[in-house]
There are 2 protein chains.
Amino acid sequence: MSDEKAFLSSYRAKDYPRPSVAVDLVILTIIDAQLRVLLVKRREHPFKGQWALPGGFVRVGESAIEQGEDLDDAARRELQEETGLDPERVFLEQLYTFGKAGRDPRMRVVTVAYYALVRPDLAPFVKAGGDVSDVEWFDVSVLDKLELAFDHHDIVEMALTRIRGKLEYTNIAFDLVPATFTIPELRHVYGIVLGKPMDPGNFRRSFNRWLEEGRLEQAPGKRITTSKPAAVYRFKR
Amino acid sequence: MSDEKAFLSSYRAKDYPRPSVAVDLVILTIIDAQLRVLLVKRREHPFKGQWALPGGFVRVGESAIEQGEDLDDAARRELQEETGLDPERVFLEQLYTFGKAGRDPRMRVVTVAYYALVRPDLAPFVKAGGDVSDVEWFDVSVLDKLELAFDHHDIVEMALTRIRGKLEYTNIAFDLVPATFTIPELRHVYGIVLGKPMDPGNFRRSFNRWLEEGRLEQAPGKRITTSKPAAVYRFKR
DNA sequence: TAAATAGTGTCTATGAGACATTATGTA
DNA sequence: TACATAATGTCTCATAGACACTATTTA
């Protein structure tokens, strides 16, 4: 098809205005028995001094050959840059794309939102990085009282709705506990995310089904507590 | 905050390269007892002459004040332009955003995919429009043999996965039948979308639950067939 | 009357919710 | 021994799948 080749080589992108494209991250973990989201304090206008989701612009190449980074790669890069976390050890998935006109006062910005689940044993290692002055894990239940930049409140809201739904029919809770965990510990994760405690007996029943299905296995040792120790489990593979 | 005002008025978008942003539509309906997707034949390079999803670029304003159309509006506009369908009468929802580098050979294009469900009684009115030479409803089961432009095959695949999942816990099947319908008709929709026939008795049981919940009501008249006529229903509100 | 399909009923397996009970560790 | 909590068991109810059966229309 030299016809097409000729077309491509002669092609000049028409100069219609284009939006900026960003990725924003709803990074969640559990600390002190509370579901928390990572926010960064903005050092620049607009919304200077307000809390916002970590994120940044997608790197786009100039040419048709070199087009820049994939969206997923941009999300992983921002995660790495702004938190220092290893993207390989964090659950990361696209959430929704927010692109209303006027959502950024500077210019048209379309943002592809992702949500990430960080194991609580990794959360303490998060450190401020990139062009960020301050980073903090906020209890999601206090966000109502907090003014977030842009439409980031909506984005967090959708992320919470999403993970609550997915908790019921996927394995994502496994990304909110350490590598090994007890049944009550996993049960608490469900309770915290869903906002209501789970029945111990009924939860154990589901848990045992997962065991039989081979998604979990018992790990050596016991978890020592102030009363009866609990058996320890881990995810298979 | 005159500080912020001053910033905004002096702000000049940095001249990093930006991607083009498009919307693509997976428009589905049921014709002749088959789930079908609307494809258009491309008249221009790249992929000239191949079938593709209808779609187009999002209109973006030049200034910070006039930023152009919302993503959802762009999807509705394209739906209207390329099919002639009234967006008010079609179910339309964002699906996923595809933005791999290189997915368009001309330049970096990030496309926000939507899926639409068209009632079969409206489907025949679809007409070629916009910059499209040909429009056709394809049985989704023959798409394997068809070479689609760009990554549109992946997009259709994801749309099908999505609606099959949503069929189980939402009302979207209601957007794939005419305004009034019989129980067997709605049952066939489920069978067609899911790819396996539903048991008449069990389906009727679910249907009756929806009736009791007030999501449906009986409509006057009967559907005349070649054997026993069936009662006719419609959605409430 | 036969064919076709609308519509009903039944049996069983499964899973969720509520809750009582037992087991095993620590203080 | 008292206490805390891990772990087990039981009862009930809602729902899904498989499938037998009845009802009502047309040809």
Side-chain angles (χ1 to χ4, degrees), chain A residues 30 32-33 164-173 177-178 180-234, chain B residues 30 32-33 164-173 177-178 180-234:
Chain A
I30 290 177
D32 296 340
R164 282 173 185 142
K166 278 214 159 191
L167 210 59
E168 323 244 326
Y169 65 97
T170 69
N171 297 40
I172 59 168
V177 286
T180 63
F181 52 90
T182 68
I183 299 183
E185 281 166 5
L186 188 65
R187 173 163 54 85
H188 280 118
V189 167
Y190 273 78
I192 289 163
V193 174
L194 297 178
K196 57 163 190 244
M198 305 287 285
D199 179 89
N202 299 335
F203 185 84
R204 178 172 296 271
R205 189 171 43 195
S206 310
F207 191 96
N208 285 330
R209 254 198 302 278
W210 301 337
L211 262 179
E212 286 163 22
E213 291 168 6
R215 292 156 66 181
L216 300 171
E217 65 186 354
Q218 196 164 354
K222 292 250 171 191
R223 178 85 13 116
I224 304 303
T225 68
T226 62
S227 73
K228 181 179 177 181
V232 174
Y233 299 85
R234 65 184 165 216
Chain B
I30 290 177
D32 296 340
R164 282 171 185 143
K166 278 215 159 190
L167 210 59
E168 322 242 329
Y169 64 96
T170 69
N171 298 44
I172 59 169
V177 286
T180 62
F181 51 90
T182 68
I183 299 183
E185 281 165 6
L186 188 64
R187 173 163 55 84
H188 280 119
V189 167
Y190 273 78
I192 289 162
V193 174
L194 297 177
K196 57 163 190 248
M198 305 287 287
D199 179 88
N202 298 336
F203 186 85
R204 176 173 297 271
R205 189 172 41 194
S206 310
F207 190 96
N208 284 332
R209 253 198 301 278
W210 300 338
L211 262 180
E212 286 163 24
E213 291 168 6
R215 293 155 68 181
L216 300 171
E217 64 185 355
Q218 196 164 354
K222 293 250 171 192
R223 177 90 5 122
I224 304 303
T225 67
T226 62
S227 70
K228 180 180 179 181
V232 174
Y233 299 86
R234 65 183 164 214

Checklist entry - Contact class for A:R223 vs. all strands (heavy atom < 4.0 Å): base, sugar-phosphate, or nothing? => result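 No contact.
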Between [options], which one does the side chain of [X] approach most closely?
X      : options                : answer
B:S206 : D:dC19, C:dG17, D:dA16 : D:dA16
B:P184 : C:dA6, D:dA7, C:dA16   : C:dA6
A:S227 : C:dA6, D:dA4, D:dA6    : D:dA4
B:R209 : D:dA16, D:dT10, D:dT24 : D:dA16
B:N202 : C:dT24, C:dA18, D:dA18 : D:dA18

Next on the checklist: With a 4.0 Å cutoff (strictly under), does any side-chain N or O of A:R204 reach OP1 or OP2 of D:dT8?
Outcome noted: yes
Between [N] atom [atom2] and [X] atom [atom1], what is the distance in whole Å?
X      : N      : atom1 : atom2 : result
B:K228 : D:dT22 : NZ    : P     : 14 Å
B:Y190 : D:dA16 : OH    : C1'   : 14 Å
A:K196 : C:dG17 : NZ    : C1'   : 11 Å
A:N208 : D:dA6  : CG    : P     : 15 Å
A:E213 : C:dT14 : CD    : P     : 13 Å
B:Y169 : D:dT15 : OH    : C1'   : 19 Å
A:D199 : C:dA16 : CG    : P     : 12 Å
B:E185 : C:dG7  : CD    : P     : 11 Å

Checklist entry - Would you call the rings of B:F203 and B:W210 parallel, tilted or perpendicular if under 30° counts as parallel and over 60° as perpendicular? => result perpendicular
Checklist entry - Any donor-acceptor pair under 3.5 Å joining the side chain of B:R205 to the base of D:dG17? => result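 A donor-acceptor contact between them is present.
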Next on the checklist: By nearest heavy atom, map B:P229 and A:P229 onto DNA chain C; which one lands nearer the 5' end?
Outcome noted: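 Result: B:P229.
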Next on the checklist: Here's a test of your reading of the structure: between B:G201 and A:G201, which maps to the more 5' nucleotide of DNA chain C?
Outcome noted: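 Closest to the 5' end, via its nearest nucleotide, is B:G201.
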Checklist entry - Got a second to check how far B:L211's CG is from B:I183's CD1, nearest 0.5 Å? => result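 So the CG of B:L211 and the CD1 of B:I183 are separated by 7.0 Å.
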Item to check | Heavy-atom closest pair, residues B:P220 and B:V232 | outcome: O-CB, 4.5 Å
Checklist entry - Hey, are A:N202 and A:R205 close enough side-chain-wise for a donor-acceptor pair under 3.5 Å? => result yes
Item to check | side-chain contact (heavy atoms from CB on, under 4.5 Å) evaluation trace for A:V177 with A:Y233 | outcome: CA-CA 11 Å; A:V177 286; A:Y233 299 85; over 6 Å; no
